Amino acid sequence: MADIRLSLIDALHGALQSAAVELPPGFQAGLERPARREHGDWSSNAALVLAKPVGCNPRELASQLVSWLETNRPTHVAEVTVAGPGFVNFHLADSWLHSVITDAVQAGADSYGRHAFGNGQNVIVEFVSANPTGPVHAGHGRGAAYGDAVARLLERCGYTVNREFYINDRGTQMDLFGASLTARHKGQPVPEDGYSGQYISDWVQEMPANTDARQWGCQRALVDQKQVLQAMSVSFDTWFSEQALVDSGAIAHTLEALKSADATYEAQGALWLRSSDYGDDKDRVLIKADGEYTYLLPDIAYHCDKLKRVGPDGVLINVWGADHHGYIARMKAALAALGHDPSRLEVEVTQLVRLERDGVEVRIAKRSGTIVELRDVIDEVGADAARFTYLLQSMDTAPTFDLAKVAAQVMENPVFYVQMAHARLCSIADRARAAGVVQGGTHQTNLGLLTHEREHEMIRQLALFGEITAAAAQERAPHRVTAWLRDFAGTVHGFYHDCYVVGSHIAPELTQARLALVDAGRVGLAAGLATLGVSAPQAM
RNA sequence: GCCCACGUAGCUCAGGGGAAAGAGCACUUGCCUCCGGAGCAAGGGGUCGCAGGUUCGAAUCCUGCCGUGGGCGCCA
């Protein structure tokens with residue numbers, strides 16, 4: 001699929017050369033989409049940017065560029081104009097619109113919007129990593145939807161992705177969890193700071209009498225977590241056990257490496273990491289005075305292990321909640337102290353979801369009784385709506401979901417609007433088949449019959465998809481796809497409303513052309529939904 | 001006090017150096033002989049938190065302030 005932008009940029013550079021403009025070092029002609037239709041399909045600010053260094057009037061320079069471009073038009077360019085303070089605007093011909101349809105139909109939903117720039121680079125995306133001390137809650141759902149969508153986007157852009165879940169199956173929290181199960185099993189009150197949720201009482205009923213409560217509880221929690229995540233179509237390639245890492249001797253190994261890098265010291269009976277030498281606010285304890293590891297030490301060993309597994313050219317992406325933000329500096333400091341390039345660890349921080357029920361905040365407290373389980377959210381609104389809703393907005397915003405409203409507003413959820421657009425296009429194709437229409441290939445179809453403004457809008461919107469997937473992957477921002485889907489679904493509904501495809505009053509050639517557009521639209525919607533992990537139903 | 005994110009329409013949010021500020025919901029008003037009305041169209045509604053600065057150009061970048069959320073453990 002030829003990228004129209006590349007040919008336009010080439011043409012711009014050609015025009016600049018012919019105008020004998022000396023380009024500042026590193027100059028790249030900028031190309032953007034104008035907000036207004038009359039400003040064409042693509043617009044360049046090159047004349048505005050260069051006017052000052054070159055020392056000439058921006059409009060004059062733009063005129064020079066335009067006159068060259070008008071006599072040397074790249075493929076699909078119908079007209080080049082000067083506008084405003086000195087923009088160079090490209091207006092594309094209908095032939096370009098037709099190529100958009102052909103590209104989409106030929107690619108199909110699996111391949112459409114794919115890119116190769118990932119170049120097979122290894123990426124480990126670690127997300128959720130909820131403690132195995134209970135069910136995943138509604139807050140984890142956002143990280144689950146986000147991490148999986150980022151992974152899907154990276155895959156679509158040519159990266160080799162591994163989804164990983166880190167299991168904190170040892171340490172203080174696990175001891176407390178085990179003690180809580182044991183106490184509840186004997187009908188005793190749970191220890192102070194123990195776990196007291198309803199699920200503890202429920203699980204204890206299944207627990208055999210003479211078993212290691214800690215270990216049994218961990219397995220019980222993992223089974224529960226996997227099941228719920230699976231219900232949301234989130235699955236992991238690797239479930240990485242902290243206990244297994246500790247058992248392998250990796251901690252001692254990491255400790256030795258830190259010591260020989262002179263990155264540790266002893267004070268007040270504890271062993272400290274000189275993290276402040278590597279950009280952290282203060283030094284951090286690795287081994288407490290009582291001899292126990294802090295959370296940090298195994299986690300450093302874990303990240304070293306991940307770096308080894310991802311290979312020298314690979315990168316790590318961690319999805320952390322905002323409550324772990326303060327942790328980034330010390331982890332990067334530790335990696336730097338060990339001689340790793342800290343930029344190989346990328347931490348995506350997601351702001352925390354706030355939950356309300358009828359306007360009253362519900363705290364998601366780990367050990368208190370008021371847990372809103374992810375399972376309940378999925379049961380209430382369905383996996384598709386849950387995922388789409390979690391990905392509706394940027395991870396930098398802290399959304400408030402009112403559970404009562406989420407349940408009540410299912411029909412208003414944008415996911416249905418988007419899925420409905422897909423189902424409608426499918427129903428048109430079904431209807432055509434039922435009416436005995438035999439669809440020809442796009443190359444034998446006269447796409448020039450697509451002259452309705454609705455049709456053109458839909459094609460232009462579809463043409464953005466490739467840029468959207470690339471940007472969404474690079475910015476780790478799946479909500480860009482969500483936003484595009486809503487916009488595109490809007491143009492599809494408009495087309496559906498105004499442009500009948502099958503019927504006695506529609507010329508057979510027009511039916512053919514519109515069916516091609518219908519196919520292209522289905523590809524775009526299905527591909528977009530696929531990158532979010534949301535289904536594209538044929539009928540609703 | 002320090003660190004991070006956010007503050008855009010009544011509400012939920014896109015946009016994140018370019019030309020006249022965008023969507024959904026809500027509200028008002030039209031549109032079903034016709035591919036699914038879970039739809040389409042039109043309308044009202046904005047000092048883009050405040051104040052400076054950088055720039056040919058700022059909602060967008062920088063600084064300060066105000067407000068909101070999160071963090072600042074020998075918890076994880």
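Source: prediction; values computed, not measured. Note on naming: letters A, B, ... go to the chains in the order of the sequence lines (proteins, then strands), and numbering restarts at 1 for each one.
- Both distances falling under 3.5 Å, in either a Watson-Crick or a G-U wobble arrangement, place B/A5 opposite B/U68.
- In this structure B/U28 sits in a base pair with B/A42, meeting the Watson-Crick or G-U test at under 3.5 Å.
- Nucleotides B/U28 and B/G45 place their C1' atoms 12 Å apart, quoted to the nearest Å.
- Remark: A/Thr172 is in phosphate contact with B/A76, judged by side-chain N or O atoms under 4.0 Å from OP1 or OP2.
- With a 3.5 Å ceiling on both atom-pair distances, the Watson-Crick or G-U wobble partner of B/G22 is B/C13.
- Residue A/Tyr327 contributes atom OH, which lies 21 Å from atom P of B/G70 at whole-angstrom precision.
- Closest contact between the side chain of A/Arg354 and the listed nucleotides B/C6, B/G69, B/G73 involves B/G69.
- Side-chain proximity of A/Tyr496 to the nucleotides B/U12, B/C74, B/C35 is greatest for B/C35.
- Between A/Asp283 and A/Arg274 there is no salt bridge, since no side-chain N of the basic residue sits under 4.0 Å from a carboxylate O of the acidic one.
- Salt bridge status for A/Glu509 with A/Arg514: absent, with no side-chain N to carboxylate O gap under 4.0 Å.
- Of the C1' atoms belonging to B/C40 and B/G49, the separation is 37 Å, rounded to the nearest Å.
- Considering all non-hydrogen atoms of both residues, A/Arg454 and A/Cys499 come closest at CB-SG, 3.9 Å.
- The separation between A/Tyr295 atom OH and B/C72 atom P is 13 Å, rounded to whole Å.
- A gap of 11 Å separates the P atoms of B/G24 and B/G39, to the nearest Å.
- In the set B/A14, B/G15, B/C72, B/A14 carries the atom at the smallest distance from any side-chain atom of A/Thr397.
- In the set B/A38, B/G39, B/A76, the nucleotide with an atom closest to the side chain of A/His497 is B/G39.
- For the pair A/Arg284 and A/Trp272, the cation-pi criterion (under 6.0 Å, within 45° of the ring axis) is not fulfilled.
- Between A/Asp175 and A/Arg214 there is a salt bridge, since at least one side-chain N of the basic residue sits less than 4.0 Å from a carboxylate O of the acidic one.
- At a cut-off of 3.5 angstrom, the base of B/A19 holds at least one donor-acceptor pair with the side chain of A/Ser43.
- Nucleotide B/U33 forms a pair with no other nucleotide shown, judged by Watson-Crick or G-U wobble geometry with both contacts under 3.5 Å.
- Here A/Gln173 does not reach the OP1 or OP2 of B/A76: none of its side-chain N or O atoms lies under 4.0 Å away.
- If you check distances only, the side chain of A/Asn89 does reach the base of B/A19 with a donor-acceptor pair under 3.5 Å.
- OP1 or OP2 of B/C75 sits under 4.0 Å from a side-chain N or O of A/Lys288.
- For B/A59 and B/A19, the C1' atoms lie 15 Å apart once the distance is rounded to whole Å.
- If you take CD of A/Gln393 and P of B/C11, they are 15 Å apart, rounded to a whole angstrom.
- The interatomic distance linking A/Leu352 (CG) with B/G69 (C1') rounds to 8 Å, in whole Å.
- As rounded to the nearest Å, B/C62 and B/U47 have P atoms that lie 25 Å from one another.
- The side chain of A/Lys282 contributes no N or O atom lying less than 4.0 Å from OP1 or OP2 of B/C2.
- A/Thr482 places no side-chain N or O within 3.5 Å of a backbone atom of A/Leu392 that could act as its donor or acceptor partner.
- Checked options A/Leu297, A/Val285, A/Leu255; the residue passing with A/Leu271 is A/Leu255 (criterion: side-chain contact (heavy atoms from CB on, under 4.5 Å)).
- The same atom, C1', is picked in B/C75 and in B/G10; the two are 43 Å apart, to the nearest Å.
- Between A/Asn168 and A/Asn45, the residue anchored closer to the 5' end of RNA chain B is A/Asn45, taking for each the nucleotide with the nearest heavy atom.
- The base of B/A14 has none of its N or O atoms less than 3.5 Å from a complementary donor or acceptor on the side chain of A/Arg486.
- Here A/Arg284 does not reach the OP1 or OP2 of B/A76: none of its side-chain N or O atoms lies under 4.0 Å away.
- Listed candidates were B/A76, B/C40, B/C35. Nearest to the side chain of A/Thr294 is B/A76.
- Cation-pi contact between A/Arg142 and A/Tyr390: absent, since separation from the ring centre below 6.0 Å together with deviation from the ring axis within 45° is not met.
- B/G73 and B/C50 have their C1' atoms separated by 37 Å, given to the nearest Å.
- Closest to the side chain of A/Met540, from the set B/C35, B/G15, B/G36, is B/G36.
- Taking atom P on both B/C56 and B/U12, the two are 39 Å apart, rounded to the nearest angstrom.
- Between A/Asp193 atom CG and B/A76 atom C1' the separation is 12 Å, expressed in whole Å.
- Checked against B/A76, B/G36, B/U55, the side chain of A/Arg424 finds its nearest nucleotide in B/G36.
- The ring of A/His324 does not lie on top of the base of B/G71; it is either too far (5.5 Å or more) or too tilted (30° or more).
- Checked against B/A19, B/G39, B/A5, the side chain of A/Tyr417 finds its nearest nucleotide in B/G39.
- Not a single donor-acceptor contact under 3.5 angstrom links the side-chain atoms of A/His493 to the base of B/G39.
- Comparing B/A19, B/C35, B/C40 by their closest approach to the side chain of A/Tyr500 singles out B/C35.
- Residue A/Phe388 contributes atom CZ, which lies 13 Å from atom P of B/A14 at whole-angstrom precision.
- If you check B/A14, B/C74, B/C40 against the side chain of A/Asp498, the one that comes closest is B/C40.
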